[in-house]
Amino acid sequence: MADPNSLISIKGLRDGLLVTLGNAPWEELRGALMEQIAARQSFFQGARVALDVGAQIFHVNDLSELRDTLSERGINLWAVVSESPTTEQTSQLLGLATRISKPRPQEITQAASAESGQQTSLFIGRTLRSGTRIEFGGHVTVLGDINPGAEVIAGGNVIVWGRIRGAVHAGANGDPSSAVCGLDVSAAQMRIAGEVVEAPDQAELRNPQKISVVDGRARFESWSAE
Amino acid sequence: MTAKVVTITSGKGGVGKTTAVANLAVALAADGAKVVCIDGDIGLRNLDVVMGLENRIVYDIVDIIEGRCRLRQAMIRDKRLPELYLIPAAQTRDKTAVSPSDMIRVCKELRQEVDWVLIDSPAGIERGFKNSIAAADSVLVITNPEVSAVRDADRVIGILEAEGKGSPQLILNRLNPAMVKKHDMLSAEDVLDLLAIKLIGVVPEDSGVIVGTNRGNPVALDPKSRAGQAFRNIARRMKGEEVPFLDLEAGDGLWSKLFGRKS
């Protein structure tokens, strides 16, 4: 089989994914698509997928089989775009859309500007459990804990109203003036820009802390209301 | 009848999913409910062994799904309790033999016939786990007071929340009060502190559970067993009864944690 990447291409749309099939027999394309889905399960899980099949001709049973197979894997096929009138008819028969609005690539990129002070902020109002990964170009605020095994990667500051027990990376785009704040950072794994923050004496870190990097070294500032 | 479908899962293996399913099923059925357990661990089945029904298997869940038998034919009646049934897993197949929609279909059919459907999930977070939670109305996450088991439970809870299954309830299994007292084991409080979900029961460490599991005699049938009492209490809480927690000397903070926490 040829390189699967040349057979299908996957793009992000405003509200889902657009999978474009290359020029090859359907059996081969189908294999490549399934391979991609199997290899990137979490990426496809729960996705809304539009399929651009080019000039391929699909009959009802092919397409309904594909739709069912995809739905077994948690993928919602909602549209099939085709140059072939037969395929278009087929997808209409199955209640699938045949047109999608043009993808706007600039909307996929993260809504963050590089200028500090102008950065947008992402608010997360819950505890982040193991396996959750939040990546954001601006600041991130979490109202809740960051549990072990969860990761927050932010271009700007990371403020956590809760315990940080997972991994936090502030200034991930290289901004050393970023800071991490948390109510209990005794079990945190922290990075600021390119620096790995080494935690000193543990007992103190159970109090609210602001951690920043000054002259290439981590600085911990305890906060108390007194 | 409209059954409640409850899945028991854990992420990590060996924490007591199968034992819990067998005991909760026995406890519910002993109380007069009609219960079906489904072994979701296709290829590594053992709920049948724990329930002592291994030698009665004729058909399994894959036979139902692939149309080789009717649902009724694969339901093995328990030898002690007439209202308890087991649908075993296939041993010579793997997880891909069943899909989430198959599970939903089987449970839909069962819902009209019984009061409870308990699904024993396999370890892990892959296909078998996804199959097991597909049809669940509610999920019980079981863990041990060990850091690795608690981490895995946290991951599973995160997935359940993301899948819109709501917040699961927690069974803390194999707690050893003496070790907790010496600070050699995580306390119920420590576990709840991280997982932050509602606790439905704490099962004490009890060597009788291992004996019962090996003999196919779930401890929930033994009126003298502490672990059996804990499982019976969980079964009653599943039915919505208010049952006070066993005094496990699990630390003074437990009570305030249980009742002080919003749930």
K.L.:
Of all residues at least two apart in sequence or in a different chain, which pass the salt bridge (charged side-chain N to carboxylate O under 4.0 Å, His left out) check with D63(B)?
P.N.:
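By the salt bridge (charged side-chain N to carboxylate O under 4.0 Å, His left out) rule, D63(B) matches R68(B).
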
K.L.:
For the residue pair T87(A) and S82(A), what are the closest heavy atoms and their distance?
P.N.:
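Nearest pair, atom of T87(A) first, then S82(A): CB-OG, 3.4 Å.
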
K.L.:
With a 4.5 Å cut-off on heavy-atom pairs, point out which of L195(B), D152(B), I159(B) contacts chain A the most.
P.N.:
L195(B)

K.L.:
Any residues in residues 146-165 of chain A near chain B, with a heavy-atom distance under 4.5 Å, and which are they?
P.N.:
N147(A), P148(A), R163(A), R165(A)

K.L.:
Checking Q41(A) against chain B: side chain, backbone, both or neither under 4.5 Å from a heavy atom?
P.N.:
neither

K.L.:
Test of understanding: with salt bridge (charged side-chain N to carboxylate O under 4.0 Å, His left out), list the residues that count as partners of R151(B), not counting sequence neighbours.
P.N.:
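In terms of salt bridge (charged side-chain N to carboxylate O under 4.0 Å, His left out), with neighbours along the sequence ignored, R151(B) is linked to no residue.
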
K.L.:
Under 4.0 Å between a Lys/Arg side-chain N and an Asp/Glu carboxylate O for E113(B) and R72(B)?
P.N.:
yes

K.L.:
Quick check: closest heavy atoms across P168(B) and L160(B), and the distance to 0.1 Å?
P.N.:
CG-CD1, 3.7 Å

K.L.:
So do the side chains of W116(B) and L24(B) get within less than 4.5 Å of each other, counting heavy atoms only?
P.N.:
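The answer is no, as the side chains (C-beta and beyond) never meet within the 4.5 Å cut-off.
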
K.L.:
Restricting to pairs with a member in residues 161-172 of chain B, which pass side-chain hydrogen bond (donor to acceptor under 3.5 Å, both in side chains), not counting sequence neighbours?
P.N.:
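Qualifying pairs: R129(A)-E161(B).
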
